[in-house]
Every structure is written in C-alpha cells, then in structure tokens.
Amino acid sequence: MKKRQTSNSHNHIQSKQIPDSFWPFVNSQPKPDRMNIVNRIRPLVSKALQELYPGDASTPGFAEKDLTIAQTKPEFEGDYTLVLFSFVKQLKKSPEQLGKEIGELLIKSSPELFTAYNVIKGFLNLKVADPYWTGFLQANFADKRIGIRPSNPHRIIVEYSSPNTNKPLHLGHLRNNFLGWSVAEILKTTGHTVFKTAILNDRGIHICKSMVAWVLFAGGATPDSTGIKGDHFVGDYYVQFGVEHKKEVEKLMLEGLSKEEAEQQAPIMQAAQKMLVDWENGEPEVKSLWEKMNGWVYEGFNETYKKIGSDFDKNYFESQTYLLGKEIVEEGIAKGVFFRKPDGSVWIDLTADGLDEKLVLRKDGTSVYITQDLGLADKKYEEFQYDQSFYVIADEQNYHMKVLKLILQKLQKPYADGIYHLSYGLVELPSGRMKTREGTVVDADDIIEELKLVARQKTEELGKVKDFNPGELKELYDTIALGALKFFLLRVDPKKRMVFNPEESIDFHGFTGPFIQYTHARIKSILRKQEEARNLELGIGDQGHGPLLPKEKELIVLLEQYSSVLDQALLEHNPSVIAIYVFNVAKTFNTFYTELSIMNAESPDKKELRLQIASLTANVIASSMALLGIRVPERM
RNA sequence: GCGCUUGUAGCUCAGCUGGAUAGAGCAACGGACUACGAAUCCGUAGGUCGGGCGUUCGAAUCGCUCCAGGCGCACCA
C-alpha cells in the first residue's frame with residue numbers, strides 16, 4: 001500500500017539555476033540582501049568544492065550553475081539538499097564521504113546559515129538556521145509591495161486581446177486577455193517598462209457581413225432602441241448573415257450550382273463583397289455605416305474590458321495598418337530577401353529554414369496577412385523602440401509567427417530577435433471545441449454574470465457580510481466572480497489546451513480563486529482584531545520565541561520562495577506558476593491556522609511571530625493575486 | 001504526405017533545464033465547529049506516468065520508434 005505524504009502542501013520547488021543570459025534582462029544580479037536562500041547556498045557550495053578539491057573543482061560540472069539544490073523532501077531531515085552524484089565520478093569518492101566533507105566545511109565556514117547536515121545516499125541535506133528564516137520574516141512581513149523590483153532600462157510591448165469587431169468576446173478571448181494582462185504585469189513588477197497594445201481587426205469581409213445584414217434586416221434598429229449591448233447587437237447580425245447565406249446557398253444548390261459556386265454567388269455574399277470594395281474605395285455611405293457599427297462594438301467592448309480589468313496603452317486598428325508593410329516588401333526585394341515571380345506576386349523562400357515559400361504580396365499588389373504584420377511590427381518599433389515585443393496569440397498561428405519573426409530577421413530588423421510569440425492553447429468545453437454554428441460558444445459577458453450570481457448566492461447563504469451596503473456587496477460579487485474566472489483560466493500552463501468545465505468553474509472550493517481570497521479575508525480578520533486590541537503596528541521582536549515549529553517553518557520557507565517563483569514566471573512567461581504557488585501558500589496557511597493558535601499563542605513572542613507570518617502570508621497572497629489581475633477582499 | 005504539439009488517478013491539472021517512495025483539486029467515503037472566520041481542516045480509497053526500445057549511478061522528465069488526439073502547411077485573416 002502506498003503511503004500518502006503527510007505534509008499536504010509541500011511545494012517541491014527545484015530552484016534550478018536561472019540561465020546567465022536571463023539576468024541582464026531581468027536586472028543586474030539580485031543584491032545579496034534580497035537574495036533567496038538557494039542563491040546564497042550556491043556560491044558557498046561552489047567555494048567549498050574549490051577549497052576541498054582544488055584540482056577538480058574548475059572542471060566542467062562544478063560551476064555554480066551546474067549545482068542541483070532542491071528543497072529537502074519532507075520525509076528527510078533538513079531544508080535544502082545538494083545532489084552529489086554529479087561529482088562522484090570526477091572526484092572518485094563515495095557520495096557519503098563527499099557529502100560529509102562538504103557538509104562539515106559548510107557548517108564550519110557558515111555557522112550562521114547551516115546548523116546541521118546529513119547524508120543519505122547521494123544527497124547532502126542541509127538544515128538552515130532558524131535566524132535565517134526569522135530574519136527573512138522580519139525584513140518582509142510588513143512589505144505590502146513585496147515582489148516589486150527596481151526598474152531597468154528594457155522596454156517591452158505586449159499585444160493581446162486583438163478581437164474582431166463583428167462579434168462579442170468569448171471564453172477564448174478571456175484566456176487571451178487574462179494571460180496578456182498578467183504577463184505584462186509580471187514583466188512590470190520585475191522592473192521592465194511595459195506597454196500594452198491591441199490590434200482591432202476592424203475591417204474585411206467579416207465586418208461587411210454584419211453590415212450587410214444590418215442594412216437588410218435591422219429596419220434601423222440600434223443598440224439604444226433595442227437595449228442590447230453594442231457588440232452583441234452587431235454580433236447578432238453577423239449570425240443572421242450566416243443564416244441567410246445558408247438559406248440562399250441551399251436554394252442555389254437546388255438549382256444545380258455546386259456548393260462553392262453557390263456560396264460565392266449567393267446574393268447576400270455578393271452584397272458583402274461589394275461593400276468591401278466600396279469600403280476600400282472610401283465610399284462615404286459605407287464608411288459612415290462602418291464607423292457607426294464599429295462604434296457600437298467598441299462601446300460594448302469597453303464595457304467588458306472595464307469589467308475584466310483589461311487596459312491598453314495603445315490601440316492599433318487594422319483599417320489604419322493594413323496597407324503598411326508594402327514598403328517593407330520593396331525593401332525586401334532591394335535586399336534580395338524577397339523575389340518577384342513573373343505574375344508580379346512577391347515571395348520569400350524559407351525552404352532552407354525548413355519552412356515553405358511564403359507569399360508576401362499578391363499579384364494584384366495587395367497585401368496579405370503577413371504583410372500587414374511586417375508593417376505593424378515596424379510601426380510599433382518606430383513608436384515604442386521596444387527591446388522585446390510579445391504577441392499573445394493562439395497556437396493555431398505558431399507557424400505564422402515563426403515565419404513573421406524569421407522574415408524580420410532576414411531583413412535584419414534590429415527588433416527581430418526580440419519578437420516573442422506567447423502562444424496559448426484553445427479553450428475547449430467538455431463536449432469539445434466551441435462552435436458558433438452549434439451555439440456552444442461561451443460568451444464572456446454571460447459567464448461573468450453567471451459567476452456573479454453564484455457569488456451572491458453563496459455569500460447570502462453564509463451571511464458573513466450582512467452589514468455591507470449595496471455598493472460594497474456589488475464590488476464583492478465582482479471580486480469573487482472575476483477571481484474565480486481569472487484563476488480558473490490562468491492556473492493552467494498557457495501553452496496547453498485546456499478544458500473549461502462550467503460546473504467546475506462555479507465551484508469555489510479547492511484550487512480556485514475564491515479559496516485563496518477567503519484565506520486572505522480570514523487573515524485580515526485576525527490582523528484587524530489584533531490592531532483593535534492593541535492599537536499598534538506589529539513590532540519587530542525576535543526574542544525568545546524558541547525554535548520554529550514545523551508548521552511555522554514550512555510556511556516561512558514557502559513564503560521565502562516567492563522571489564524565485566516570480567523569476568520562474570518571468571522566465572517562462574507563465575502566470576500559472578504564480579497561481580499554483582499562491583494556492584500552495586493559502587493551503588499551507590490554512591493548515592498552519594488550524595494547528596496553531598495565533599491570538600492565544602503559548603507566549604507573547606510566539607504570538608508576535610505568528611502575527612508576522614500571517615501578515616507576510618496576506619501580503620504575498622495579495623501581491624501574487626494582483627499579478628494575476630485578481631483582487632482580494634478584506635472580508636467575504 | 002511534411003512540420004509543430006499533447007498523452008500522468010474516474011475528471012481537471014502539477015511535476016518535464018534527469019535526482020530520494022510521482023503530487024494537488026474535484027468527485028466518492030469517513031471524521032472535526034460552546035476558543036483567532038468551517039467559502040476551512042484531517043483521514044481513507046484511487047496511477048503499468050499511452051506502448052516498446054535505448055542513454056544514465058538514476059528516466060514521468062532525454063533520444064529513437066509505434067499508437068492515439070490536436071493544430072498548421074491558402075494569392076483567407
């Protein structure tokens with residue numbers, strides 16, 4: 001029979017060495033006083049190796065970055081563990097002997113940091129002195145801005161959201177929005193200057209479809225006259241276009257046309273095509289209709305963006321950028337990167353790079369999708385002088401983005417290497433992919449409303465905030481509903497496809513946003529009580545609280561890892577790292593809370609210590625959640 | 001066909017830059033509120049890490065191969 005781990009939340013962080021190339025980009029190396037424990041142990045071990053084995057320690061495999069230091073598994077004695085196997089062969093010593101020698105030296109040379117060691121098989125387990133942990137706690141427990149780092153000169157733009165203006169936002173957009181926003185915040189917190197941008201796909205045949213349908217069927221109705229939110233209003237006409245089109249196609253097929261012919265020749269499609277041409281020719285009536293309908297959509301989008309907390313430093317509009325890039329095509333021809341075929345179309349040959357020949361300009365001289373992106377990249381650089389440019393785009397476009405970057409590199413654009421496709425997987429339902437035609441698309445506004453309703457029901461049921469006024473209640477429901485939704489979509493590795501189970505999403509227990517929010521509210525309740533009772537800020541006292549108890553230490557050790565969690569999230573551009581971490585923090589606190597009394601601690605010093613732990617926990621939770629775009633309530 | 005990608009407990013996911021006996025949440029079952037907030041906590045049960053071969057002191061993790069799913073390879077965007 002298998003044994004369960006007793007420690008319910010041992011966060012087994014590996015603390016791998018971050019590549020050297022990463023540091024200049026983050027900051028200068030962390031300052032010693034802000035350095036976490038693993039980054040302190042590393043040079044000490046390295047030094048010990050050099051002292052003990054001067055001849056061998058300079059050989060490959062002995063560098064600081066090659067050391068594997070992991071958190072000690074709970075079933076063994078110790079806090080952090082050095083893996084010895086990699087030295088064994090080179091030094092021709094048994095792991096036991098090696099571990100003993102290194103352990104002895106470390107304790108002798110750094111008694112303030114290490115108090116004990118043991119060697120089991122090839123692992124050297126080191127016990128880190130309590131004062132290190134309590135020192136960390138005292139230095140940080142009151143820091144409400146924990147995790148924020150000094151600025152550095154890098155400029156980054158993050159493009160995300162990027163909707164079409166012919167239909168409302170759905171679940172997929174939400175993943176995109178939450179991801180982009182969160183990654184931008186993570187970059188900011190770690191010191192970068194970040195600009196958020198969006199590209200609004202506001203032109204093209206799809207836009208004309210909803211316009212045509214509105215002209216034909218709306219009878220002059222508007223969002224105002226119907227009370228329907230603008231983006232939904234326009235989206236309804238886009239859907240209606242599809243319905244009408246289908247009818248016409250069926251009719252034409254009965255008359256003997258092939259499916260392709262029928263789809264092309266259906267009158268409503270012809271009308272849309274004509275409208276597109278008129279639009280491109282600047283036909284005033286079409287333009288003004290287009291402006292009017294897009295205006296409705298933007299009104300709706302803005303409402304949703306405001307609700308979900310998405311914000312942008314600059315919006316680009318495809319209608320204003322779709323002609324960009326033609327100059328780049330000329331430039332590319334001049335540089336010999338592109339070539340023109342006899343029919344006049346322009347191509348790039350990427351077969352040497354394992355890709356295909358790609359068209360960059362049609363034979364009629366009009367641009368294709370990639371042409372616009374070339375132009376937009378250039379324009380963004382002109383305006384922002386970015387060092388890195390993130391594109392939050394679904395993984396369907398991996399190939400496209402690869403090509404984009406490669407072309408820019410071949411054109412020797414200075415910004416080409418800084419282009420990074422933050423690719424994310426589709427959101428699916430348990431029944432499979434969302435499909436417009438089958439009506440299985442989960443609308444963003446709908447799901448948020450539904451979650452607010454659940455938040456309200458649950459809150460009323462529990463009756464803990466009966467004294468809240470209507471405004472406070474509304475804010476609380478917003479906080480909980482969006483917290484649940486954002487956490488649900490961000491807790492999974494962005495690269496992976498994910499399944500959105502509606503039933504799970506309204507569950508506020510376990511690995512969820514509300515669980516963490518609840519933990520925060522609970523801590524705040526204790527801290528409020530303490531302040532009322534004493535009317536004092538927390539003191540800084542480190543006298544006589546005795547050795548740290550396992551639950552106290554476990555939580556401090558976990559909190560101490562916050563900075564390396566941020567490093568990892570930044571390195572991987574991955575908010576889920578933070579989501580998983582903050583969940584562990586909340587869970588570990590809840591266990592701590594159950595086992596140990598704070599207010600009625602064994603001694604005043606213990607009480608002080610635990611209040612500090614509680615305070616730091618609340619700050620780390622708030623700070624982590626803020627990076628995910630999730631608010632944490634004082635009460636709920 | 002070629003390229004990319006995914007496969008871990010009934011379900012949803014961690015762990016994947018190789019390290020000790022593979023972890024959570026949900027669902028199931030059983031417990032804990034006359035002491036800091038039970039939206040909580042504790043326990044039980046549940047895994048040939050898709051299959052095979054290889055590299056290694058050590059493989060869920062790396063390589064090869066097979067199987068199964070997804071995406072892409074438009075003069076669409």
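Just so we're clear, the structure is a prediction, and the values are computed from it rather than from any experiment. Within every chain, numbering begins at 1; the chains are lettered A, B, ... in the order of the sequence lines, protein sequences first and strands thereafter.
Between C71(B) and R433(A), a contact under 4.0 Å exists linking OP1 or OP2 to a side-chain N or O. OP1 or OP2 of A77(B) sits under 4.0 Å from a side-chain N or O of R362(A). Considering only side-chain N and O atoms, T591(A) lies under 4.0 angstrom from the phosphate OP1 or OP2 of C42(B). For K121(A), no side-chain nitrogen or oxygen approaches OP1 or OP2 of A20(B) to under 4.0 Å. For the OP1/OP2 pair of G37(B) and a distance below 4.0 Å, the side-chain nitrogens and oxygens of K529(A) include at least one atom meeting the criterion. Contact between the side-chain N/O atoms of H509(A) and the OP1/OP2 oxygens of U40(B) is found at a separation under 4.0 Å. The side chain of N590(A) places an N or O atom within less than 4.0 Å of a non-bridging phosphate oxygen (OP1 or OP2) of C41(B). Of the side-chain N and O atoms in T594(A), none sit less than 4.0 angstrom from OP1 or OP2 of C41(B).
Judged by a 6.0 Å distance limit and a 45° cone about the ring axis, R522(A) is positioned over the six-membered ring of Y593(A).
The residue V83(A) sits close to a base: some heavy atom pair falls under 4.0 Å. Contacts of T459(A) with the nucleic acid, taken as non-hydrogen atoms under 4.0 Å apart, include base atoms. When heavy atoms are screened at a 4.0 angstrom cut-off, T81(A) is found touching base atoms of the nucleic acid. Base engagement by Y518(A) is indicated by at least one non-hydrogen atom pair under 4.0 Å involving a base atom. D356(A) comes within 4.0 angstrom of sugar-phosphate atoms only, judged by non-hydrogen atoms across all strands, and of no base. Counting any heavy atom pair closer than 4.0 Å across all strands shown, F583(A) reaches sugar-phosphate atoms only and no base atom. Using a 4.0 Å heavy-atom cutoff across all strands shown, N201(A) reaches no nucleic acid atom at all. Among the atoms of the strands shown, base atoms are found under 4.0 Å from some heavy atom of Y369(A). The residue E634(A) sits close to a base: some heavy atom pair falls under 4.0 Å. Nucleic acid contact for N125(A): base, since at least one base atom lies under 4.0 Å from a heavy atom of the residue. Note on L426(A): nothing from the nucleic acid sits closer than 4.0 angstrom, heavy atoms only. Looking at heavy-atom distances under 4.0 Å, A614(A) makes no contact with the nucleic acid at all. Contact annotation for L596(A): base contact, defined as any heavy-atom pair under 4.0 Å involving a base atom. At a threshold of 4.0 angstrom between heavy atoms, the contacts of K496(A) include nucleobase atoms, whether or not backbone atoms are also involved.
With C13(B), G19(B), C75(B) as the candidates, the nucleotide lying closest to the side chain of F123(A) is G19(B). Listed candidates were C36(B), C57(B), C75(B). Nearest to the side chain of K89(A) is C57(B). The side chain of K73(A) lies closest to G23(B) when the candidates are G37(B), U40(B), G23(B). If you check A14(B), C36(B), U12(B) against the side chain of V492(A), the one that comes closest is A14(B). Set against C36(B), U12(B), C75(B), the side chain of I598(A) has C36(B) as its closest nucleotide. For I580(A), whose side chain is taken as the heavy atoms from C-beta onward, the closest listed nucleotide among U12(B), A77(B), A14(B) is A14(B). Listed nucleotides C16(B), C42(B), C57(B) differ in distance to F85(A); the shortest reach to its side chain belongs to C57(B). Of the candidates C13(B), A14(B), A38(B), the closest approach to any side-chain atom of R522(A) belongs to A38(B).
Heavy-atom distances to RNA chain B give each of S597(A) and L84(A) a nearest nucleotide, and the one nearer the 5′ end belongs to L84(A). Annotation: of the two residues near RNA chain B, F76(A) and Q372(A), the 5′-most nearest-nucleotide partner is F76(A).
Rounded to whole Å, atom C1' of A14(B) lies 14 Å from atom CE of M498(A). One interatomic measurement links the two molecules: CG of L98(A) to P of C57(B), which rounds to 17 Å at whole-angstrom precision. Distance F589(A) CZ to A38(B) P: 11 Å, rounded to the nearest Å. Per the geometry, CZ belonging to F487(A) stands 12 Å off C1' belonging to A14(B), to the nearest Å. Rounded to whole Å, the distance from CZ on F511(A) to P on A14(B) is 8 Å. Taking atom NZ of residue K402(A) and atom C1' of nucleotide C4(B), one finds them 6 Å apart after rounding to whole Å. The CD-P distance, from Q71(A) to G15(B), rounds to 16 Å in whole Å. The CG atom of D493(A) sits 12 Å away from the P atom of U17(B) (whole-angstrom rounding).
With hydrogens and angles left out, the side-chain atoms of D202(A) and T165(A) include no donor and acceptor closer than 3.5 Å. A donor and an acceptor atom, one from each side chain of S603(A) and D605(A), are nowhere located under 3.5 Å apart. A donor-acceptor pair shorter than 3.5 Å cannot be found between the side chains of T72(A) and D79(A). Residues N590(A) and T519(A) bring a donor and an acceptor atom of their side chains to less than 3.5 Å of each other.
A salt bridge is defined here as a Lys NZ or Arg NE, NH1 or NH2 lying under 4.0 Å from an Asp or Glu carboxylate O, and K341(A) with D343(A) fails to meet this definition.
Taking a pair as Watson-Crick or G-U wobble with both distances under 3.5 Å, the runs of three or more consecutive pairs in RNA chain B are B:1-7 with B:67-73, B:10-13 with B:23-26, B:28-32 with B:40-44, B:50-54 with B:62-66.
Comparing the P positions of A24(B) and C41(B) gives an interatomic distance of 13 Å, to the nearest angstrom. With both ends at atom P, the span from A27(B) to U21(B) equals 32 Å, rounded to whole Å. Comparing the same atom, P, in U65(B) and in C29(B) gives a spacing of 47 Å after rounding to whole Å. Remark: the separation of the C1' atoms in C26(B) and C67(B) is 30 Å, to the nearest Å. If you take atom C1' in G18(B) and the same atom in C13(B), they sit 22 Å apart, rounded to whole Å. Of the C1' atoms belonging to C73(B) and U48(B), the separation is 37 Å, rounded to the nearest Å. For the P atoms, the distance linking A60(B) with C53(B) amounts to 14 Å, nearest Å.
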Derivation of the side-chain contact (heavy atoms from CB on, under 4.5 Å) call for H400(A) and D373(A): CA-CA 10 Å; H400(A) 171 79; D373(A) 273 342; 2.8 Å; yes
Evaluation steps, side-chain contact (heavy atoms from CB on, under 4.5 Å), between M636(A) and L462(A): CA-CA 9 Å; M636(A) 67 185 275; L462(A) 292 166; over 6 Å; no
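No option in Q457(A), R456(A), K458(A) other than R456(A) meets the side chain to side chain donor-acceptor pair (under 3.5 Å) test with E460(A).
By the 30° and 60° cut-offs, the orientation of the rings of F583(A) relative to F511(A) is tilted.
Counting heavy atoms from C-beta on, the side chains of Y391(A) and L422(A) never come closer than 4.5 Å.
Ring centroids of Y238(A) and F241(A) are separated by 6.0 Å or more, keeping the two rings apart.
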